[in-house]
2 protein chains.
Amino acid sequence: MSGSEMKKKEAELCQHTCDHPDVVEEVRKAMPGEQLQQDVAQLFKVLGDHTRIRILNALYRSELCVCDLTSILGMNQSAVSHQLRVLRDARIVRSRKKGKNVLYSLDDSHISDLIRLGFEHVQH
Amino acid sequence: MSGSEMKKKEAELCQHTCDHPDVVEEVRKAMPGEQLQQDVAQLFKVLGDHTRIRILNALYRSELCVCDLTSILGMNQSAVSHQLRVLRDARIVRSRKKGKNVLYSLDDSHISDLIRLGFEHVQH
DNA sequence: TTATCATATGAGTGGCTGTTCATATGTCGG
DNA sequence: CCGACATATGAACAGCCACTCATATGATAA
């Protein structure tokens, strides 16, 4: 309660709180939980990679095996597998075995919506 | 055209293309341009950070100055400024001066939609 | 079984990125 | 002018991450 502990931090509060201290308090209370925000950030982080976006764009059209993706992306099979693991861990794609191959597809339709919205935004 | 240049790469094409070589070709042609995909990945990458998500959640409720954000997030003013720069460069937030302060707000309503969709997805 | 193809994975590495620290710029009040 | 406050920015550093290489697992065919 004493003002001393406030002074430890350099300047966490601006003096006049921009003339609206109540708004700041409102915003603070309305903030989503930390875990939830962390999860959302994690989701966007997984989507925020060139290779993974290309993989998702390919899978958006058709279920594909790893070597198909390797061919379409023109990159290392190992690199593709590593990124597929990231996408699988994030529950963005799912896989099923078919003989020697493993077929990948989008796990959730919500993800397509997210990506589509992302493209719309970038294209103005 | 000669097959020699294909052989340089170890195994870019699986032998049977998973029994659907035509589909692979279709997908390849339907892929969005590289630059576009890079831009989308960049957009998601900017959204894919805990601190930046928290900033956007705060700005979603109200226009705020840097010290307000510093207070709400409970972190270094410098760190907040650095992240605001990232968001500004990505045209996700915009700023305007008011006296000594700089007020930040969301630049585009599409961004709110994207974030909302992200939260919906995470919350099942 | 052995050989080959398809995929997964661990280790190592270079590059990127978020934070801190120090400092610079800019604005207002006195 | 000066001091105090608000914000921006550059440098340095630590942690993370995507790729490569080598190798392991698994499945099919002969």
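Note on naming: letters A, B, ... go to the chains in the order of the sequence lines (proteins, then strands), and numbering restarts at 1 for each one.
In this structure, the CG atom of A/Asp68 is 14 Å from the C1' atom of C/dC5, given to the nearest Å. Rounded to whole angstrom, the span from the CG atom of B/Leu84 across to the P atom of D/dT9 amounts to 11 Å. Regarding B/Arg85, its CZ atom lies at a distance of 13 Å from the P atom of C/dG18, rounded to whole Å. Here the C1' atom of nucleotide C/dG18 and the NZ atom of A/Lys45 are 10 Å apart, to the nearest Å.
Checking D/dC21, D/dG26, C/dA8 against the side-chain heavy atoms of A/Asn76 singles out D/dC21 as nearest. The nucleotide whose nearest atom lies closest to any side-chain atom of B/Cys65 is, among C/dT19, D/dT7, D/dG26, D/dT7. Listed nucleotides C/dC21, D/dA18, D/dA8 differ in distance to A/Asp49; the shortest reach to its side chain belongs to D/dA18. Across C/dG26, D/dA8, D/dA27, the shortest atom-to-atom separation from the side chain of A/Lys97 is found for D/dA27. Side-chain proximity of A/Lys100 to D/dT7, D/dA27, C/dT7: nearest is D/dA27. Between D/dT9, C/dG18, D/dC21, one nucleotide has an atom nearer to the side chain of B/Arg52 than all others, and that is C/dG18. Checking D/dG26, C/dT19, C/dG26 against every side-chain atom of B/Ala79, the shortest atom distance belongs to C/dT19.
Phosphate proximity of C/dT7 to A/Asn101: present, with a side-chain N or O under 4.0 Å from OP1 or OP2. The phosphate of C/dT19 (OP1 or OP2) has a side-chain N or O of B/Thr51 nearer than 4.0 angstrom. The side chain of A/Gln83 places an N or O atom within less than 4.0 Å of a non-bridging phosphate oxygen (OP1 or OP2) of D/dC19. The phosphate of D/dA8 (OP1 or OP2) has no side-chain N or O of B/Ser78 nearer than 4.0 angstrom. Dashed line: the shortest gap from a side-chain N or O of B/Tyr104 to OP1 or OP2 of D/dA8 is under 4.0 Å.
Considering every non-hydrogen atom in both B/Ile72 and A/Arg28, the closest pair reads CA-NH1, 3.8 Å.
D/dT9 has B/His82 stacked on its base ring, the centres lying under 5.5 angstrom apart and the planes within 30 degrees of parallel.
Side-chain contact check for A/Glu34 and B/His50: at least one donor-acceptor pair (N or O, by modelled atom type) lies under 3.5 Å.
Nearest-nucleotide positions on DNA chain C place A/Val66 closer to the 5' end than the other of A/Val66 and B/Gly99.
For A/Gln77 against C/dA8, a side-chain N or O and a base N or O form a donor-acceptor pair under 3.5 Å.
Under the salt bridge (Lys or Arg N to Asp or Glu O under 4.0 Å) criterion, A/Arg61 pairs with no residue, sequence neighbours left out.
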